[in-house]
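For clarity, every value in this text was computed on a predicted model and none was experimentally measured. Each chain gets a letter, A, B and so on, in the order its sequence line appears, and its residues count up from 1.
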Amino acid sequence: MSADSSQSLLPDLLVEIRSVSFGYENNLVLRNIDLTVRRGQVVAILGPSGCGKTTLLRLIGGQLKPSRGEVMVDGLAVPQLDRDDLFQLRRKMGMLFQFGALFTDLSVFENVAFQMREHTDLPEEMITDLVLMKLHAVGLRGAHELMPAELSGGMARRVALARAIALDPMLILYDEPFAGLDPISLGVVSKLIRTLNDALGTTSVIVTHDVATSLDIVDYVYLISDGRVVAHGRVEEIRASSDPFVQQFIKGEADGPVAFHYPTGDYASMIFPGHGD
Amino acid sequence: MTVPYTLETGSAPCLSLHGDWTLDNYSWLLAAAQPLPGSIDSLDARGMTAMDTAGATVLLNLLGTEQLGRLASDAIGLSDERKALLIAVGKSVATQKSGPTSPPRQFGDSLARLGAYVVKGSAEILQFLSFLGLALATLFRLLPRPDRWRFTALIAQMHQTGLNAVPIVMLLNFLVGAVVAFLGATVLREFGATIYTVDLVAYAFMRELGVLLAAILLAGRTASAFTAQLGSMKINEELDALKVQSLNPMELLVLPRMLALLLVLPLLAWLAAMAGMAGGAVVAVATLDVSLARFIGIVQEIPLRHLLLGLSKAPFFAVVIALIGCLEGFKVGGSAQSLGEHTTSSVVQSIFAVILLDAIAALYFMEMGW
């Protein structure tokens with residue numbers, strides 16, 4: 001699980017984001033972001049709520065187009081792709097949504113099988129084998145007949161993970177995979193993300209604000225605040241950083257570069273208008 | 001100490017303050033504060049044990065801003081902090097802006113609101129037409145590729161929207177048919193023309209009521225269901241999950257629903273017309289001395305084109321109901337409240353659209369002399 005081995009073995013970049021801005025002219029969600037993801041790595045994009053992390057994920061997935069800059073995935077410029085090429089590219093990506101987003105009308109088995117049925121001509125027996133393998137990988141082969149409503153939050157997240165790896169993607173995107181999980185499920189899901197990434201030889205991008213959990217499993221960290229990359233580096237570098245924002249974020253301090261108070265004027269002048277005139 | 005202040009009248013009136021001038025005593029201070037008879041020459045605060053902004057406000061109201069400003073600087077026994085507090089309160093009261101008042105209502109307001117509705121409405125119409133175009137484009141792209149037709153979803157939707165709606169549609173139309181027959185019988189009896197009740201019921205249900213009632217029921221029953229289904233999928237991020245799996249929600253979710261309604265509504269409309277006439281027949285046989293054979297005989301003389309004209313409207317209603325239901329579902333935001341709002345909106349819009357289309361069709365058929 002060391003960061004260096006995967007880096008030196010596969011030096012080429014899978015995701016390249018070059019000076020990307022997104023948003024309206026006077027209300028930019030992302031400002032001049034540079035971000036790269038190497039093949040085989042697990043990269044975390046950390047940041048406070050509402051800092052543009054999920055937008056970044058949608059840019060990589062081609063659901064949004066940047067206002068400026070380049071988004072390259074596997075050597076393809078995502079915003080310039082036409083519909084068919086984009087769909088082609090998305091088949092090589094898996095995405096895990098915050099609360100799983102399983103299809104509620106379909107059983108666990110059918111949820112995982114859905115993409116295989118849609119995108120491949122595999123015979124039914126092979127689909128059954130594949131689905132059970134994917135479910136076995138997340139430890140839920142025994143639950144394949146259940147409906148999503150019968151699953152706990154952690155199990156739903158794991159089924160969604162099995163669905164995300166159904167077509168053996170080269171890139172898996174995780175949108176807040178740790179939100180709302182109990183400590184045991186949290187441990188299971190985070191361990192799964194790491195082991196599946198290494199076992200399948202894929203690449204993972206995790207968007208989260210769960211610092212402690214993500215720092216334990218990832219290779220490289222990008223810290224984003226207010227639409228900018230404020231720090232990036234390997235986990236040890238981030239932990240050792242002297243940057244006040246990084247320290248505030250990692251330690252979860254209430255006040256610091258990210259102020260406790262919403263920006264406002266002088267207290268006295270608000271309570272006594274005209275005071276000090 | 002029962003009063004907050006005493007006034008020594010004489011050649012140089014002096015106001016002496018006593019006790020706590022604080023929020024705890026605010027009601028006591030207010031009750032005691034009577035308008036002063038005249039101007040005061042000096043202020044004695046030696047007896048005052050405490051003061052906060054509430055007390056300062058009462059004192060300010062008692063003396064007035066100008067007089068207080070004049071007296072505060074030379075007041076006996078008033079600490080600098082309390083002077084500062086009095087001055088601060090005085091300033092803030094003087095510069096206080098009255099709270100945000102809503103501007104007075106004007107005649108133009110309702111016009112502006114009307115304008116806003118028109119703009120919003122036209123934007124919604126444009127959105128609906130774009131959605132219709134997208135649905136048709138997707139449909140025509142799929143037509144030559146039968147391997148991607150979704151029969152399972154289509155049959156499931158037909159079952160839900162069609163078969164399951166049969167009892168309610170037939171019952172409702174049977175009852176309305178009976179009501180129309182009673183109405184006709186009552187009015188036509190005056191002219192001794194009760195036999196035309198049969199024509200009234202038959203024409204009404206073939207041309208208008210059968211298809212219209214079926215469509216309105218479906219708008220209430222099915223458009224809302226479509227909105228709720230797609231809306232909860234949107235909230236649950238299932239729509240996003242479809243997209244990232246390179247699947248098209250239009251193809252997977254909207255088209256089966258639209259085609260199901262397209263196939264089912266003409267059938268329901270036909271059943272509705274039959275049920276309506278059956279209701280009329282029961283009333284006619286029971287109260288008008290018209291035998292069932294006679295009733296059927298009269299109905300059979302009516303040209304078939306009237307029924308076909310009525311049924312010809314069904315596909316249009318079906319597309320409008322299905323697409324409004326689906327579009328509103330896609331518009332649902334992130335909350336359960338938004339889901340409720342859009343479900344309501346989809347029912348209102350689809351019923352309105354159905355009745356509007358029916359009115360246009362009636363005008364058109366009349367002008368064409370059909």
By residue number, those in residues 132-157 of chain B with heavy atoms under 4.5 Å from heavy atoms of chain A are B:Arg141, B:Arg150
Heavy-atom count around A:Glu145 CD within 6.0 Å, excluding the residue itself: above 12? no
Whatever's closer than 4.5 Å to a heavy atom in chain B on A:Leu102 counts as backbone
Checking heavy-atom separations under 4.5 Å from chain B, one finds in residues 69-84 of chain A A:Arg83
Contact list (residues 238-247 of chain B to chain A, heavy-atom gap under 4.5 Å, by number) returns B:Glu238, B:Asp240, B:Ala241, B:Leu242, B:Lys243, B:Val244, B:Gln245, B:Ser246, B:Leu247
Heavy-atom closest pair (B:Asn236 atom, A:Thr104 atom, distance to 0.1 Å) is ND2-CG2, 3.6 Å
If you tally heavy-atom pairs under 4.5 Å between each of A:Arg58, A:Arg163, A:Gln98 and chain B, the highest tally belongs to A:Arg163
Problem - More than 12 heavy atoms of other groups within 6.0 Å of A:Met126 CE - result: no
Expected contact set for residues 113-121 of chain A against chain B at heavy-atom separation under 4.5 Å reads A:Phe114, A:Gln115, A:Glu118, A:His119
Bottom line for A:Gln63: the part with an atom under 4.5 Å from chain B's heavy atoms is side chain
